[in-house]
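Just so it is clear, the structure is predicted and the values come from calculations on it, not from any experiment.
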Amino acid sequence: MKTISVIVPCYNEQEALPIFYNEITQVLSRCEITYELIFVDDGSSDNTLPELRALSEKDSRVVYLSFSRNFGKEAAMFAGFCNASGDYIAIMDADLQDPPALLPEMLKILESEDYDSVATRRVSRKGEPPVRSWFARKFYQLINRISDVDIVDGARDFRLMKKSMVEAIVAMNEYNRFSKGIFAWVGFRTYWLPYENIERVAGETKWSFWKLTKYAIDGIINFSQIPLNISSWFGIVMTLCSFLFMAIIIIRKLIFGDPVAGWASTICIIIFISGLQLFCIGIMGQYLAKIYLETKHRPHFIVCESNSDTIVKVK
Ligand code: UDP
Ligand code: MG
């Protein structure tokens, strides 16, 4: 019989965990498959870890890893991928926004059809603030236009993959991880399963608007070099404009004998150009900061506690 590893990143999910555990075990016990549940406690400050210890004592199929601090969902997913041994590997949130009820259908598609991965996308953003939805839609339009990977609007991290695809994902060892881009970058045949958005069952979202904005900018910088080209284009346009202005000033002087006047306009131009230059240096700085972090080769995560001895603790 095949095995499935279900990876669940958890950050302060004490309320949602028991509900999630009941639901997932019910669904998986109905499928003809052996399973392991890998819970990654991402440095929670509530009772998530004691909850996980209790679950692992009750059920030997539960593996938990607890990070030494909060490393973020990307690191938690990566730790899960590094430690998953199943033929199929699923990644899903603890808050039941990724409905376990979809898993049997996803398994069927992977087993019977020619796909390596079944990914999910939300067709609605019901229950989400309209401003957030608007920015999210604009982000997907922008990143698809300027990056070399295709990122589906409404794509969730919730996926079921074959081991070969997960091996490719683990091989991508970059420090700045943007999984939606990585999933698209590694390729493989992916089936997209649409579903209606569901609100989280308990607890609250860990993503403030600011955190999401930073995540979106990270996504763009990780998968597009277009922002770097912007400064070159500004430079070219500005140079052409300056030639034009020079010509106008010389002609005015020669024909009309006008003295060059205008302190205010000169200052405006200087401020405008300095602003543009700082903006462009800022963009370069963003890339430089990423390179700086990549070259340090710091680990993505550090596990300080687990119920399994065989897991990868630092990577
Ligand atoms: N999560 C995590 N580390 C973090 C933030 C979130 O492991 O720093 C987990 C969280 O416990 C949940 C999943 O990532 O299982 C998605 O988080 P959340 O539900 O807050 O995001 P949303 O669904 O609102 O986008
Ligand atoms: Mg959620």
Between Asp93 and Arg200, does any NZ, NE, NH1 or NH2 come within less than 4.0 Å of an OD or OE carboxylate oxygen?
no
Identify the heavy atoms of Tyr64 and Leu52 that sit nearest to each other, and give their distance.
CD2-O, 3.9 Å
By ring-ring contact (aromatic ring centres under 6.0 Å, His included), which residues pair with Phe188, not counting sequence neighbours?
none
Ion pair check, Lys180 and Asp157, cut-off under 4.0 Å
yes
Whether Lys163 and Asp87 form a salt bridge (side-chain N of Lys/Arg under 4.0 Å from carboxylate O of Asp/Glu) is what I want to check.
no
Answer yes or no for Arg69 and Phe67: cation-pi contact, defined as NZ/CZ to six-membered ring centre under 6.0 Å and angle to ring axis within 45°.
no
Within-4.5 Å side-chain heavy-atom neighbours: Phe39 and Leu17:
yes
Check whether Thr48 reaches the backbone of Ser44 with its side chain - one donor and one acceptor, N or O, closer than 3.5 Å.
no
Within 6.0 angstrom of Trp233 CH2, more than 12 heavy atoms from elsewhere:
no
Side chains of Arg61 and Tyr35: do they bring a donor and an acceptor to under 3.5 Å?
yes
Which distance, rounded to the nearest 0.5 Å, do you find between the CZ of Phe243 and the CE of Met246?
5.5 Å
Check: Thr34 side chain, Lys2 main-chain N or O, donor-acceptor pair, under 3.5 Å
yes
Taking the six-membered ring where the residue is Trp, are the ring centres of Tyr175 and His300 under 6.0 Å apart?
yes
Presence of salt bridge, Asp42 and Lys73, under 4.0 angstrom
no
Point-to-point distance, once rounded to the nearest 0.5 Å, from CZ of Arg53 to CD of Glu305
4.0 Å
